[in-house]
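In what follows, a structure is listed as structure tokens, so that the remarks can point back to it.
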There are 2 protein chains.
Amino acid sequence: MKNPQKKCLAAGMKRTPQRLAVLAYLDGNTSHPSAEDVYRALSKRNPTLSFATVYNTLNALTETGTIGELTIDPERRRFDPNTMPHHHLICIQCKKIVDIMKDITVELPADSAKGFSISGSHVEFYGYCSRCGSKRRPQ
Amino acid sequence: MKNPQKKCLAAGMKRTPQRLAVLAYLDGNTSHPSAEDVYRALSKRNPTLSFATVYNTLNALTETGTIGELTIDPERRRFDPNTMPHHHLICIQCKKIVDIMKDITVELPADSAKGFSISGSHVEFYGYCSRCGSKRRPQ
DNA sequence: CTGGCTGCAAATCTTTTGCATCCTG
DNA sequence: CAGGATGCAAAAGATTTGCAGCCAG
């Protein structure tokens, strides 16, 4: 289940060149690209690739759970090939998003669950990345 | 600093009827409304209120930190008058978003911080709310 | 072959902006 | 009374959709 070919099959989708290109681009990619990022990166080598197909592919892969969708950026949707539950570090200044693969256990007291049956959690840490932090002047 | 009038002043903004209406609607509102939600709710009683003004007002209030902006919904921006740091419960099915005011301490091991200087964190808990959970059939 | 997939362009939806007028401070 | 705020409509982005032709299974 590591390579794009198998991921396509697993999702019950036809293995078209466009989809394989999208999957190859996403494979191991930790940049949390938007649909446009994917399109721009691929259209150089695949001149006939269309925006609609990128969106269709990303949506199909998201629906089958083959890739994940991030809700971190209010401007646009971002996609994440890493479907393992994980968390994120977000730079307040440059908006860079970095994965945290470490398992973080978050306890929610039963009296705060408001009747929800909780199946997972996602933590976003906000701060300055090393680059932006060092550029800030001491206040 | 509890009422809309004072919030407007605090933000250095003129107290126009439109802004006071937006602030009054948001005051104590825990429904995390989108700009359209705000517009629809207010346009009934304020027929001349325009979409642009709602957006301008929400943006201005967000920039001054008078209200907060949620990044939970990939479809649209949502706003939250509650500026205290807090967390959220999200129903996977009906998408309802519920506040958790309880302070949750999340530890991030130093070796996972990737050079970030962390200033805050936000936890999203996913699951089924009481209504959706009871409607699910046992698999 | 056949149904799913693609590319294109147009449509839709959310959010922003230009501008003349209005009104708060 | 001046500058910020409003309303309108148009623009700008992001995403979706209709449709005719194409190609993977």
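Note on naming: letters A, B, ... go to the chains in the order of the sequence lines (proteins, then strands), and numbering restarts at 1 for each one.
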Not counting sequence neighbours, which residues clear side-chain contact (heavy atoms from CB on, under 4.5 Å) with B:T64? List them please.
B:A11, B:T66
Round to a whole Å and report the spacing from CD of A:E63 to C1' of D:dT16.
12 Å
Does anything in residues 38-49 of chain A form a side-chain hydrogen bond (donor to acceptor under 3.5 Å, both in side chains)? List the pairs, not counting sequence neighbours.
A:E36-A:R40
Who else is in the cluster with A:M101 when I, L, V, M, F, W and Y are joined by side-chain contacts under 4.5 Å?
A:M84
Mind checking what makes side chain to side chain donor-acceptor pair (under 3.5 Å) contact with A:D80, not counting sequence neighbours?
A:H86
Length of the CG-P vector between A:L61 and C:dG4, whole Å
17 Å
For A:F79, what residues pass the ring-ring contact (aromatic ring centres under 6.0 Å, His included) criterion, not counting sequence neighbours?
none
Given atom OH of B:Y39 and atom P of C:dC13, what is their separation to the nearest angstrom?
16 Å
ring-ring contact (aromatic ring centres under 6.0 Å, His included) partners of residues 94-125 of chain A, not counting sequence neighbours, each pair once
A:H88-A:H122
Return each pair, listed once, that meets ring-ring contact (aromatic ring centres under 6.0 Å, His included) where at least one residue sits in residues 95-114 of chain B; pairs must be two or more places apart or across chains.
none
Rounded to 10°, tell me the angle between the two end axes of the helix from C:dC1-D:dG25 to C:dG25-D:dC1, each built from five pairs.
40°
Verdict with supporting geometry, B:V98 and B:C129, side chain to side chain contact (heavy atoms under 4.5 Å, CB included)
CA-CA 9 Å; B:V98 177; B:C129 70; over 6 Å; no
Contact state string [nucleotides 4-15 of chain D, B base, S sugar-phosphate only, - no protein heavy atom under 4.0 Å]
SSSBB-----SB
